[in-house]
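The sequence lines fix the lettering, A, B, ..., with proteins before strands; numbering per chain opens at 1. Please read all numbers here as calculations on a predicted model, not as lab measurements.
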Amino acid sequence: MNEAPSYLSPTGHEIVFLLLGVVAVGAALLVVTTRQVVHAALWLVVCLGALAGCYLVLTAEFVAWVQVLIYVGAVVVLLLFGIMLTRAPIGRSADLNSGNRVVAAVVALATAVVLVTVVADGFRHAYVDLSPAGPVKQGTAEAVGAAVFRYWVLPFEALSVLLLAALIGAIVLSRTDIRGR
Amino acid sequence: MAEVLDLVLRLVLILAVFLVLPLIVGQTEHKVMAHMQSRLGPMYAGGFHGWAQLIADGVKFMQKEDVVPAAADRRIFSIAPAVALVPYLVVLAVIPIGPGLVGTDLNVGLFFVLAVMGVGVLGSIMAGWSSGNKFSVLGGMRSAAQLVSYELPLVLAASSVAMAAGTLSLPGIVEAWEWWWLPWQAIGLAVFFIAGLAELRRPPFDMPIAESEIIMGPMTEYTGIRFALFLLAEYAGIVVLSALTTVLFLGGWQGPLLPGPVWTLIKVFALAFVVIWVRVSYPRLREDQLQKLAWLGLVPLALLQLAITGVVKVALA
């Protein structure tokens, strides 16, 4: 952690990071405002891709590509499959707006405010040198693996149990020969 | 300056490989299929055994009218072929051809390749949905279902190699490779290749395209240059799958006597030949058979391979 350089002379990395952030936020807004269901899913691809780009700029290569593999390659594909299986008209749909949108917007804004204040407050003076010559190589698969399996084993295992529970739940829900009492 | 020149040279080379190899594979497919079916295939274009047939096809596609159906979602309809094609070009940048002969050596090259290849399927889903045509939507849905099922065995089989080599970098994996990995990783090789074929939607896994029932699925409405881009994506996909299998399971540039890049090319073309051979030999799998093969066949096999890799790795250490 070194002394932070001035914000007034941003480096190329910082500018690219900001631009990617703008793309991510813009695409996310389009996801919730577009009037076409499938377009919303495709804007989600752009949003998640921009997020992966942000990780890349922060030299977190491994997380970035896992993000693309899991979210763009699997989650969004599954989402699109679900949409196409049920209802995917070409053109605008009039009934896409939920009645809860005001509440949802308030909740989203509140979450954003909380996260931004906490992160900005917690890391205000922290500065990590990410240049290739810098001391940290935190984004490599090796570093991430060591961190997860040495220091964060307990949360990792807890998450595994959660995923296992979800898996079993999915099996129970989808099998018709298991009856509830 | 020298660095920039080096980079430009590498990019130009990759682009050349991307443009030439799929054409060669395509022409090989014409000829190999023809001879396996006791006919000659293209014989006239260019003179010698119709070698210029694909170039002539390309010119023909460029001259054709580019039709966008009235009911289609125009914007998505027109970017879909690019989404299908570009990922394969990007993937080629990290596949090593010889020692040091690689676009760029990424620390997490294996994950990069798998992630980017998964994006390519979005192109076919987009094409299927945006065509405004029942058959195309069916094809798009089948693509999506197929990708979701076959991505898992593909990633599991690839991680087995990463475990064996102790690295995710593709040149690093080739360097760590030894001949006895062939029996050791044999199950992984089969799972990876089959799942890769399914991901490319090549026969016998061409349920999403199935020209005899849903008339080419996502590609039904495409004409001219956009259709040609889909075809190019298919052949580029064959090249990428063969190259990846070579690099991960067959030792890439390693081999006696001949120089490294020649070995890579020999292995790539041998695998591409198998891809074509399989297309001619096997009937198309039904949708339920497809899903059954992935979940009851390939996933348990891939897990078994992971276990074997782990046990051997621990025993050797």
Side-chain angles (χ1 to χ4, degrees), chain A residues 30 34-46 48-49 51-53 55-56 59-93 132 137-145 167 170-171 174, chain B residues 69-77 79-80 83 87 90 94 106-126 128-133 136-152 154-155 158-159 162 166-169 172 199:
Chain A
L30 280 167
T34 177
R35 301 230 168 231
Q36 306 193 38
V37 195
V38 175
H39 283 197
L42 293 174
W43 280 119
L44 195 60
V45 172
V46 177
L48 295 168
L51 206 57
Y55 291 142
L56 265 189
T59 69
E61 286 179 75
F62 183 71
V63 182
W65 296 119
V66 169
Q67 155 103 359
V68 174
L69 183 69
I70 305 294
Y71 281 92
V72 179
V75 171
V76 173
V77 169
L78 211 57
L79 210 77
L80 277 168
F81 180 71
I83 296 175
M84 283 160 78
L85 198 61
T86 49
R87 189 186 62 157
I90 287 181
R92 290 150 190 277
S93 322
K137 290 262 183 288
Q138 290 184 328
T140 61
E142 223 175 341
V144 172
L167 268 177
I171 293 172
S174 60
Chain B
D73 186 309
R74 293 191 78 91
R75 212 175 339 150
I76 297 196
F77 186 83
I79 50 177
V83 176
V90 176
V94 295
L106 281 187
N107 171 266
V108 287
L110 184 57
F111 263 93
F112 171 80
V113 165
L114 294 173
V116 174
M117 269 177 82
V119 175
V121 179
L122 272 182
S124 122
I125 300 173
M126 285 163 68
W129 173 76
S130 65
S131 294
N133 169 327
S136 302
V137 174
L138 274 177
M141 274 168 57
R142 286 179 180 181
S143 295
Q146 197 159 315
L147 174 87
V148 169
S149 339
Y150 281 89
E151 187 89 341
L152 188 60
L154 192 80
V155 174
S159 19
T167 172
L168 288 172
S169 134
E199 193 132 315

Polar side-chain atom of T34(A) near backbone of L30(A) as donor-acceptor pair, under 3.5 Å: no
Closest-packed option against chain B by number of heavy-atom pairs under 4.5 Å, given V45(A), V72(A), V66(A), L42(A): L42(A)
Listed partners of F77(B) passing ring-ring contact (aromatic ring centres under 6.0 Å, His included), at least two apart: Y222(B)
Contact origin within M126(B) toward chain A - heavy atom pairs under 4.5 Å: side chain
For the student: nearest non-hydrogen atoms of L48(A) and Q67(A), plus distance: O-NE2, 3.2 Å
Can you give each donor-acceptor pair under 3.5 Å made by side-chain atoms of residues 140-147 of chain B, sequence neighbours left out, with the distance rounded to 0.1 Å?
unit_1: R142(B); atom_1: NH1; unit_2: M207(B); atom_2: O; d: 3.0
unit_1: R142(B); atom_1: NH2; unit_2: E213(B); atom_2: OE1; d: 3.4
unit_1: S143(B); atom_1: OG; unit_2: S124(B); atom_2: OG; d: 2.9
unit_1: S143(B); atom_1: OG; unit_2: G139(B); atom_2: O; d: 3.1
unit_1: Q146(B); atom_1: NE2; unit_2: A198(B); atom_2: O; d: 2.8
unit_1: Q146(B); atom_1: NE2; unit_2: F205(B); atom_2: O; d: 2.9

Which atoms of I70(A) approach chain B - backbone, side chain, both or neither, heavy atom under 4.5 Å: neither
Proximity breakdown for S130(B) and chain A, heavy-atom pairs closer than 4.5 Å: backbone
Taking every non-hydrogen atom, the tightest pair across V144(A) and F62(A): CG1-CD2, 4.0 Å
Per-residue contact mode, V121(B) against chain A (heavy atom under 4.5 angstrom): neither
Considering all heavy atoms, the nearest A158(B)-L114(B) contact: CB-CD1, 3.9 Å
Contacting moiety of L80(A), where chain B heavy atoms sit under 4.5 Å: side chain
Best-contacting candidate, L78(A), L69(A), I83(A), V76(A), against chain B by heavy atom pairs under 4.5 angstrom: L69(A)
Side chain / backbone / both / neither for L138(B) at chain A, heavy atoms under 4.5 Å: neither
